[in-house]
Amino acid sequence: MRVSLAWLAEWVDLPASPEELEERLTLGGIEIEDVLRSGPDLTPIRVGHVVERIQHPNADRLSVCRVDLGDGAEPVQIVCGAPNVAAGQRVAVATPGTVLPDGTKLKRSKIRGERSEGMICSARELGLGDDHDGILVLDPAATPGAPLDQVLRVGDRILDVEITPNRGDWASMLGIAREVRAHFPGPLRVPETRVTECGRPCADQISVAIAAPEACSRYVARVVRNVDPEAATPDWMKRHLEAAGLRSLGLVVDVTNFVLLEFGQPLHAFDLETLRGGCIRVRRAREGEKLVTLDGQARELSVEDLVIADSDRAIAIAGVMGGADTEVRSETRQVLIESAHFAAASVRTTARRLALHSEASYRFERGVDPTALERAADRAARLLAELGGGEVSPGRVEANGRPVERVEHVALVPERCNRMLGTQLSIAEMASLLERADFAVVESGEESIRCAVPSYRNDISIPVDLIEEVARLYGYDRLETTLPEGPVSRVVVPPARVLEEQVRDCLAACGLTELMHFPSASTEDLAHLRWPEDAVQRRPVRIANPLSQRDSELRTSLLPRLLRSAAYNRARQVDAVRVFELGAVFFAQGPGELPLEPLTLGIVLTRGELRGLWESAALPPLFFELKGIAERLIADLDMGLELQRTDALPYLHPGAGLELRWAGRLLGGVGELHPEAAKAFDLDVPCAVMELDLGPLIGNSPHPKPMLQVSPYPAVRRDIAVLLDRDQPAGVVLDAVRAVGGSNLSELEIFDRFEGSGIPAGKVSLAFRMIFQHAERTLTDKEVSKATDKVRVMLERRFGGELR
Amino acid sequence: MSQASDLAELEEQARAAIAGVVDVQGLQETRARFLGRSGSIKVVLRLLAELPEEQRRELGQAANATKERIEECVRARRAELESARIENALSDHRLDVTLPGWIAPRGHLHPISRVFRDMTSFFAGLGFSIEDGPQIETDWNNFGALNFPEDHPSRDTQDTFFVEGGHVLRTHTSPVQIRAMTGRTPPFRFIAPGRVYRRDSDPTHSPAFHQIEGFMVDERVTFGDLKGVLYAFARHLMGPEVRLRFRAHFFPFTEPSAEMDFSWGDGWLEWGGCGMIHPNVLRNCGIDPDRYQGFAFGMGVDRTAMLRFGIPNLQLLFEGDVRPLEQL
């Protein structure tokens with residue numbers, strides 16, 4: 001809502017400084033989003049003090065002045081043509097470089113041979129009127145150097161304010177004026193609403209019936225006859241409407257809008273002569289009933305919608321918008337003014353269903369004072385009489401529905417108020433704060449301060465509402481800042497978060513970069529990952545109102561977004577993409593149940609040159625880089641996760657895949673991306689991926705193992721190289737060596753793998769390094785040889801190995 | 001005294017040989033040739049047995065003295081050779097030390113992860129435990145229990161994503177309050193960091209973003225305590241000079257409610273919302289609002305991350321481009 005300070009000043013006395021007003025309103029809960037100005041911008045113009053005036057040596061009508069600009073420097077010389085300039089004056093000075101309100105940029109100049117370092121301005125030059133007979137002479141108390149806008153209050157200042165949904169009562173000049181008074185006590189000047197009536201009584205011209213009493217608590221109608229269709233909206237009213245952001249649409253409509261802005265009570269004006277049957281009925285719409293609204297749109301209504309009808313048809317959507325058939329036209333003379341109270345929920349339902357939001361619906365949704373209908377109707381009638389020459393028919397026609405439920409009294413417990421705010425306010429202080437906001441204190445004591453709630457405060461119903469009011473008016477900034485007392489219990493971190501952070505650290509230590517994406521993944525992308533149609537991955541949880549189709553399906557896998565990002569980066573010359581994401585994926589559960597959100601890890605690697613390396617270094621295939629990361633993670637987690645060969649995970653290359661198992665359950669996969677998937681994601685290079693469901697692992701982290709004693713006795717190294725069938729999985733051989741190596745075999749690794757020249761076709765040479773060590777003594781040669789012999793024999797017998 | 005002249009000759013030969021070796025290996029061999037188990041000096045000593053007692057003693061002493069002199073000579077030559085070797089190493093081994101060093105690339109935690117860690121560790125110091133909740137929530141946890149009336153404009157402020165089946169993507173971390181408080185007896189203090197969703201996307205809004213929620217309930221915790229905790233937090237994040245401003249505001253789930261701004265340059269930046277937990281919320285969680293009271297606050301985390309790391313636009317956090325993230 002936009003609030004003109006010039007208009008506001010008609011209602012209440014404002015503090016001298018608009019900044020102070022804005023600060024108090026802001027702290028009190030009226031958020032000022034923007035400050036707009038009308039009128040010229042005088043901030044660049046400075047106050048100057050004419051120290052000396054002498055006659056220009058070469059021109060009779062010019063003066064040469066020396067002007068002090070309050071900046072501590074020497075007074076500047078300015079040539080001035082005005083007859084009224086004199087020494088000692090405070091004047092408005094534009095210095096070189098200043099842009100005047102008419103857009104001229106001022107320059108240094110020489111006038112008839114005399115330097116002029118600026119201009120002493122007239123009112124017209126400042127955009128303040130047509131007076132060009134001489135310069136503008138300011139208040140002699142004005143401080144030299146001050147910006148002119150601080151000395152001359154001209155133009156209007158318009159605050160664009162945001163009103164919280166609980167304070168519908170603020171959506172009017174009256175409401176803002178009341179709030180100003182709560183901070184800066186003073187009189188409230190409410191516009192005149194008395195009317196002079198004449199002619200046929202209103203009741204003879206119209207009847208009103210409420211058929212939906214639950215949605216309309218009260219309806220007030222006023223009739224104004226013989227409004228002059230030629231009468232124009234006066235400038236002052238137009239200015240106020242414009243300041244509020246409304247267009248002028250003719251006197252009658254302008255008056256209803258103006259009164260809405262004044263009191264916050266939505267009004268509607270009907271052309272009385274277009275109403276059929278001389279009656280107003282407030283009823284539910286019939287299913288499918290049609291109405292063309294003021295904006296020219298044909299609307300189809302439902303039984304949920306409340307309408308205003310005459311004897312034949314709907315003529316307005318209650319509290320939302322009037323109908324075109326009965327609207328006030330340029331020739332309208334007989335006017336029916338509606339001032340009614342409609343239930344917030346009903347207006348809201350209709351406004352939302354029709355996506356039709358108006359000044360009226362905005363206010364009804366937030367709550368309108370149900371006791372102030374007459375005032376607004378009378379005010380509008382008065383203005384139509386005053387400005388349009390209309391004759392106000394005697395009396396109002398009123399009908400009542402179910403009264404609005406209101407809490408009339410609320411009690412504040414002073415001790416509780418102080419306990420909640422951390423204050424030591426006295427009962428009198430609290431009562432006085434409440435009274436500033438128009439709460440009438442009906443009873444006040446140690447036990448309670450009982451207040452009457454103003455009729456427009458539909459947000460006040462329980463004691464804490466009053467505590468807030470006290471805090472707000474006292475000022476949050478004045479509440480003492482303290483730290484909580486009391487015992488501090490053990491700080492608990494959920495096991496899922498412990499696990500998540502452990503995984504995050506491990507992967508960062510492996511050199512991966514963490515990404516975060518909007519958690520969507522299309523079923524199409526999951527098809528690209530070759531998940532079969534009936535896989536749970538292709539039955540995502542859907543967003544009913546997505547921002548875009550792309551983001552309508554919540555992810556069941558982290559891989560699609562990671563792969564898209566990998567492609568995005570590669571398209572931008574980042575060749576080695578090494579990324580991971582940790583987060584929830586979503587799987588639908590039964591109807592009504594919340595989806596499952598298992599914590600999941602996704603990794604994508606693409607191979608690029610090893611950056612920053614200027615000597616060639618051989619790297620194993622990309623698969624092993626990722627496998628190394630998986631093994632590091634498995635070791636760090638220490639929960640017994642296992643890697644097993646697989647060709648069954650759809651997104652993995654069948655010849656380069658491992659599955660991750662834990663306690664017999666399949667939790668994920670590690671391997672090269674299936675080439676078809678790589679193609680679908682626009683990845684032209686080998687890409688290794690891993691996905692792991694961490695959900696089942698949560699809470700299973702082992703206690704940290706105690707550190708092992710390092711043996712002080714020497715370790716003995718023995719290497720064995722063996723020729724094996726090329727198809728023989730090395731991991732199986734390694735496990736077998738470990739199994740027969742005996743308890744003294746403390747380390748085992750493959751340190752060389754070779755095929756090709758010198759090795760028979762179909763064979764591969766594997767070299768094992770074995771480290772033997774005992775915790776309590778030095779091993780003998782004999783012991784070590786015995787163990788290695790066993791390994792040799794096993795390799796020959798079990799694997800047909802040929803020792804080299 | 002032929003043996004004695006033999007010894008002299010032996011010593012002479014040894015000195016010459018030692019002087020002639022060019023490396024430590026050769027020195028070892030030469031030493032062995034003269035002083036080893038079957039070296040020349042042993043041969044001389046073996047002859048001693050055949051000599052008369054007196055001569056044997058005399059010659060033995062001479063032989064040992066010779067041996068000791070040769071050893072000394074070996075030691076000296078060894079030292080020479082060592083320093084020559086180091087000299088060679090110094091002159092032969094010249095690296096172009098201006099070539100770049102090499103290290104395996106390091107990893108990068110996401111700025112949001114880093115900020116969350118910092119925040120949770122700060123609050124751990126104040127005794128706040130962490131509580132988590134799901135990102136898809138029931139309407140009750142996200143709205144109803146938090147005192148949003150059915151069909152009220154306050155729900156419009158939340159730009160909610162609805163999930164098929166009637167649930168919502170949580171619009172704030174506040175539902176974690178409901179989860180944490182239900183079934184618990186005060187006193188307690190929790191924070192809830194996490195991802196939330198609003199149906200809003202422009203250069204300054206992402207439809208998925210991050211918040212941290214904090215709440216504390218006991219019998220006496222005050223609005224002043226709320227201010228104190230937020231001041232401490234703000235100073236931790238933004239330095240000791242930061243100022244806070246509390247503006248009255250409306251949230252259905254707190255009362256009194258405030259929005260807080262922090263000072264930034266000459267102005268204020270909006271930080272988040274806070275207030276005393278609304279009695280209806282406490283009641284909805286089975287906590288007696290006549291006995292207990294508490295505060296709650298929540299703020300966006302993404303902008304904190306942007307300010308801390310000098311990230312110029314929000315999209316950089318979530319679009320998957322590694323180039324900005326790997327600078328951090």
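Every chain is numbered from 1, with letters handed out A, B, ... down the list of sequences.
- Contact of A:Pro591 with chain B is not made at all, since no heavy-atom distance falls under 4.5 Å.
- Both the backbone and the side chain of B:Ala258 come within less than 4.5 Å of a heavy atom of chain A.
- Atom CG of A:Leu547 and atom OH of B:Tyr197 lie 13.0 Å apart (nearest 0.5 Å).
- Here B:Arg199 is the residue among B:His278, B:Met276, B:Arg189, B:Arg199 with the most heavy-atom pairs under 4.5 Å with chain A.
- At a 4.5 Å heavy-atom cutoff, the contact between A:Asp465 and chain B is made by backbone and side-chain atoms alike.
- To the nearest 0.5 Å, the span separating CZ on B:Phe162 from CD1 on A:Ile543 amounts to 12.0 Å.
- Neither the backbone nor the side chain of B:Gln315 comes within contact range of chain A; no heavy atom of the residue lies under 4.5 Å from a heavy atom of that chain.
- The two atoms that bring A:Leu594 and B:Pro134 nearest to each other are CD1-CG, 4.4 Å, heavy atoms only.
- For chain A, the nearby part of B:Pro289 is the backbone; its heavy atoms alone come within less than 4.5 Å.
- Sorted by first and then second residue, the side-chain hydrogen bond (donor to acceptor under 3.5 Å, both in side chains) pairs with a member in residues 121-131 of chain B form an empty list; sequence neighbours excluded.
- Using a 4.5 Å heavy-atom cut-off against chain B, the contacting residues of residues 560-568 of chain A are A:Ser565, A:Tyr568.
- Nearest heavy-atom pair across A:Arg504 and B:Ser113 is NE-OG, 3.2 Å.
- Between chain B and the options A:Gly511, A:Gly475, A:Ser489, heavy-atom pairs under 4.5 Å are most frequent for A:Gly511.
- To the nearest 0.5 Å, atom NE2 of residue B:His249 and atom OH of residue A:Tyr476 are 10.5 Å apart.
- With a 6.0 Å radius and a threshold of 12 heavy atoms from other residues, nucleotides or ligands, A:Glu480 has its CD atom at or below the threshold.
- In terms of non-hydrogen atom pairs under 4.5 Å with chain B, the most contact-rich of A:Val470, A:Thr164, A:Asp459, A:Val492 is A:Val492.
- In terms of heavy-atom pairs under 4.5 angstrom with chain B, the leader among A:Ala471, A:Ala509, A:Gly592, A:Ala344 is A:Gly592.
- Shown here is A:Glu485, whose CD atom has no more than 12 heavy atoms of other residues, nucleotides or ligands within 6.0 Å.
- When B:Arg245, B:Met216, B:Arg195 are compared by the number of non-hydrogen pairs under 4.5 Å with chain A, B:Arg195 comes out ahead.
- Heavy atoms of B:Pro279 lying under 4.5 Å from chain A belong exclusively to its side chain.
- Residues B:Leu169 and A:Leu554 meet the side-chain proximity criterion, which asks for heavy atoms closer than 4.5 Å.
- At a 4.5 Å heavy-atom cutoff, A:Leu596 makes no contact with chain B through either its backbone or its side chain.
- The contact between A:Leu512 and chain B is made entirely by backbone atoms, counting heavy-atom distances below 4.5 Å.
- With values rounded to the nearest 0.5 angstrom, A:Glu500 atom CD is found 8.0 Å from B:Asp132 atom CG.
- Rounding to the nearest 0.5 Å gives a distance of 5.0 Å between CE of A:Met516 and NE2 of B:His210.
- Contact tally against chain A (heavy-atom pairs below 4.5 Å) for B:Gly165, B:Gly224, B:Gly294: the top residue is B:Gly224.
- Within a 6.0 Å sphere centred on CG of B:Asp266, heavy atoms belonging to other residues, nucleotides or ligands number 12 at most.
- Neither the backbone nor the side chain of A:Pro463 comes within contact range of chain B; no heavy atom of the residue lies under 4.5 Å from a heavy atom of that chain.
- Residue A:Phe586 touches chain B through its side chain alone, counting heavy-atom pairs closer than 4.5 Å.
- Heavy atoms closer than 4.5 Å to chain A are found in both the backbone and the side chain of B:Asp321.
- Summarising the geometry of A:Arg472 relative to B:Ala248, their closest heavy-atom pair is CG-CB, 3.4 Å, with the distance given to 0.1 Å.
- Take B:Glu219 and apply the side chain to side chain donor-acceptor pair (under 3.5 Å) test, not counting sequence neighbours, and it matches B:Arg291.
- No donor-acceptor pair closer than 3.5 Å links the side chain of A:Asn166 to the backbone N or O of B:Phe250.
- Note on B:Thr160, B:Val163, B:Ile136: by heavy-atom pairs under 4.5 Å with chain A, the leading option is B:Ile136.
- Across B:Asp225 and A:Thr482, no two heavy atoms sit closer than the pair OD1-OG1, 2.6 Å.
- No donor-acceptor pair under 3.5 Å is formed between the side chain of A:Glu514 and the backbone N or O of B:Leu109.
- Heavy atoms of A:Glu469 lying under 4.5 Å from chain B are absent altogether.
- Pairs of residues two or more places apart, or lying in two chains, that qualify as salt bridge (Lys or Arg N to Asp or Glu O under 4.0 Å) and include a residue from residues 105-120 of chain B are A:Glu501-B:Arg117, A:Asp505-B:Arg117, B:Asp118-B:Arg308.
- Panel note: side chain B:His108, backbone A:Leu515; no donor-acceptor pair is recorded below 3.5 Å.
- In this structure, the separation between NZ on B:Lys227 and CG on A:Asp477 is 6.5 Å, given to the nearest 0.5 Å.
- For the set A:Thr481, A:Asn545, A:Asp551, A:Leu479, the entry with the most heavy-atom pairs within less than 4.5 Å of chain B is A:Asn545.
- When heavy atoms are compared at a cutoff of 4.5 Å, A:Val579 approaches chain B solely by way of its side chain, counted from C-beta outward.
- Under the 3.5 Å distance criterion, the side-chain polar atoms of B:Thr222 are left unmatched by any main-chain donor or acceptor of A:Arg419.
- Heavy atoms closer than 4.5 Å to chain A are found nowhere in B:Ser206, neither backbone nor side chain.
- Between chain B and the residues A:Cys510, A:Gly486, A:Ala508, the largest count of heavy-atom pairs under 4.5 Å involves A:Ala508.
- Proximity to chain B involves both the backbone and the side chain of A:Ala345, based on heavy atoms less than 4.5 angstrom apart.
- Of the atoms belonging to B:Glu259, it is side-chain heavy atoms, and not backbone ones, that fall under 4.5 Å from chain A.
- In B:Arg243, the CZ atom is not crowded: 12 or fewer heavy atoms of neighbouring residues, nucleotides or ligands sit closer than 6.0 Å.
- Side chain of B:Gln135 to backbone of A:Glu597: no donor-acceptor contact under 3.5 angstrom is found.
- Neither the backbone nor the side chain of B:Asp261 comes within contact range of chain A; no heavy atoms are under 4.5 Å apart.
- Residues B:Leu126 and A:Pro484 have side chains not in contact (no heavy-atom distance under 4.5 Å, counting atoms from C-beta outward).
- Among the candidates B:Gly127, B:Ala232, B:Gly228, B:Gly107, the residue making the largest number of heavy-atom pairs closer than 4.5 Å to chain A is B:Gly107.
- Most heavy-atom pairs under 4.5 Å with chain A: of the set B:Val322, B:Val221, B:Leu328, B:Asp200, this distinction falls to B:Val322.
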